[in-house]
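I have placed the structure first, in the form of structure tokens, so that the comments after it can refer back to it.
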Amino acid sequence: MPELAEVEVTRRQLLPLLGLTVACAEKLSDKNLRLPLGKGDLGRLSGARLDAIDRRGKYLIWHFLGADGVPLEMVVHLGMSGKTLLDAADASPHDHLRWHWSQGATLTYRDVRRFGFVAVGDVGLGTEMTATMGPEPWDETWAAQVAAKAKKGSRSVKALLMDQSVAAGLGNIYVCEALFATGIHPETPAYKLKNKQIEALHEAVQGVLERAIAAGGSSIQDFKAAHGSPGYFQLELKVYGRAGEGCPACGEEIRAIKQQGRTTFFCARCQR
DNA sequence: GATTAGACTCGGCCTA
DNA sequence: TATTGCCGAGTCTAAA
């Protein structure tokens, strides 16, 4: 559940926990996540009341008031395959952490590949961990900030947008989709982009993410019935994962290439 | 030409 | 073989 849209959907799904207190938090697995939890980190959460959950890029920042009256923070990154499950209906060998809350609720952190992590610390941990991150998609200065970085380097627009210090929250799927929506070839050197193109990219990024969040949100409604993963699979992706299919705009075959070790999907006729 | 800082790419982390 | 992400190591490049 990796890119900004999925993280935001996850955040909204977790809001019912606000105001609840952690009875205890436990480790379910000996295996470390990307960052190992410090000894006693989970213990600090016992008796802590959850006051807010914020998102910055793909990071979730949880604000607690500790049992001793001192505020603390928990930072969660879902990596490639991390999920947070409220009152998980099943168990998995990939369940790593569980929080037991007042009023009987439980939250499970499940992560097959373990590229994600959970960290607990003092106030400011979340800010510290996201200090070098670029603007959020709904930041009015997004285009200006991205343009400044685009003019500096020599790399492709795809690589530029994938860089979290340039623009927060974008990943492989939504970068491919936003480039398709604006008709920009993914291998275009970033410094060649016109300001108008970057402004168009900003609009496309917002549109794609808004639709993805809406799709994820609506899929939560019928989640029980669907018994499937919300998000991508219900979202109408125009090019991502569609190599060999016809472009929805012109019918040209959608191509897949590798950039920075990641697959890029695009239409060579629509994107130049 | 040699040095250096910053930009950039790539492999590895994991599992199915 | 593939993969929604990220970071550190190593390489490249522009500038002084």
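Numbered from 1 within each chain, the chains take letters A, B, ... in sequence-line order.
- Here the P atom of nucleotide dG5(C) and the CD1 atom of Ile173(A) are 7 Å apart, to the nearest Å.
- Comparing the P positions of dG10(C) and dA2(B) gives an interatomic distance of 22 Å, to the nearest angstrom.
- Using a 3.5 Å distance cut-off with no hydrogens or angles, the side chains of His63(A) and Asp54(A) do pair a donor with an acceptor.
- By the side-chain contact (heavy atoms from CB on, under 4.5 Å) test, Ala148(A) is found to be paired with no residue, residues two or more places apart in sequence or in another chain being considered.
- Rounded to whole angstrom, the span from the CZ atom of Phe115(A) across to the C1' atom of dG8(C) amounts to 15 Å.
- Applying the salt bridge (charged side-chain N to carboxylate O under 4.0 Å, His left out) rule to pairs touching residues 261-272 of chain A yields Glu252(A)-Arg269(A), sequence neighbours excluded.
- An OP1 or OP2 oxygen of dG5(C) is reached within less than 4.0 angstrom by no side-chain nitrogen or oxygen of Arg34(A).
- Taking the P atom of each, dA9(C) and dC14(B) are spaced 16 Å apart, rounded to whole Å.
- Connection of Leu85(A) to Phe115(A) is not established within any shared hydrophobic cluster, with ILVMFWY side chains joined at heavy-atom distances below 4.5 Å, either directly or through further cluster members.
- Counting to the nearest Å, the P atom of dG5(C) and the CG atom of Leu33(A) are 18 Å from each other.
- For the contact set between residues 154-169 of chain A and DNA chain B, defined by any heavy atom under 4.0 Å, the members are Ser154(A), Arg155(A).
- In this entry the distance linking CD of Glu3(A) with P of dC6(C) reads 9 Å, nearest Å.
- Note that OG1 of Thr84(A) and OH of Tyr109(A) are 9.0 Å apart. Values are rounded to the nearest 0.5 Å.
- Using a 4.0 Å heavy-atom distance criterion, Gly261(A) is classed as making no nucleic acid contact.
- Residues forming a ring-ring contact (aromatic ring centres under 6.0 Å, His included) with Phe180(A) (at least two apart in sequence, or on another chain): none.
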Filtered N/O pairs between nucleotides 12-16 of chain C and protein, under 3.5 Å:
none

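- With sequence neighbours left out, the ring-ring contact (aromatic ring centres under 6.0 Å, His included) criterion links Trp101(A) to no other residue.
- In this structure, CZ of Arg262(A) is placed 6 Å from C1' of dG5(C), rounded to the nearest angstrom.
- Aromatic ring pairs are classed by plane angle as parallel below 30°, tilted from 30° to 60° and perpendicular above 60°; the pair Phe117(A) and His77(A) is parallel.
- Nucleotides dA7(B) and dA16(C), compared at atom P, are 14 Å apart to the nearest Å.
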Show me the dot-bracket string of DNA chain C, counting Watson-Crick or G-U pairs under 3.5 Å, with | for pairs to another strand and [ ] for crossing ones.
||..|||||||||||.
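- Nucleotides of DNA chain B with any atom under 4.0 Å from a heavy atom of chain A span, from 5' to 3', dA7(B) to dA16(B).
- Counting non-hydrogen atoms under 4.0 angstrom, Lys31(A) reaches the backbone sugars and phosphates but no base.
- Counting only residues at least two apart or on different chains, no salt bridge (charged side-chain N to carboxylate O under 4.0 Å, His left out) pair has a member in residues 24-36 of chain A.
- Here salt bridge (charged side-chain N to carboxylate O under 4.0 Å, His left out) pairs that include residues 181-204 of chain A, with residues two or more places apart or in two chains, number zero.
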Between side-chain atoms of residues 67-74 of chain A and protein atoms elsewhere (two or more places apart, or another chain), which donor-acceptor pairs fall under 3.5 Å?
| unit_1 | atom_1 | unit_2 | atom_2 | d |
| --- | --- | --- | --- | --- |
| Asp68(A) | OD1 | Val70(A) | N | 3.0 |
| Glu73(A) | OE1 | Gly124(A) | N | 3.4 |
| Glu73(A) | OE1 | Leu125(A) | N | 3.2 |
| Glu73(A) | OE1 | Gly126(A) | N | 2.9 |
| Glu73(A) | OE2 | Gly124(A) | N | 3.1 |

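- A donor and an acceptor atom, one from each side chain of Lys258(A) and Thr264(A), are nowhere located under 3.5 Å apart.
- For the pair Tyr59(A) OH and dG5(C) P, the interatomic distance rounds to 12 Å; values are reported in whole Å.
- The separation between Met80(A) atom CE and dC7(C) atom C1' is 13 Å, rounded to whole Å.
- Annotation: side-chain contact (heavy atoms from CB on, under 4.5 Å) contacts of Ala144(A) (sequence neighbours excluded): none.
- Tracing side-chain contacts under 4.5 Å through hydrophobic residues (I, L, V, M, F, W, Y), one never reaches Val157(A) starting from Phe266(A); they form parts of separate clusters.
- In this entry the distance linking CE of Met129(A) with P of dG5(C) reads 17 Å, nearest Å.
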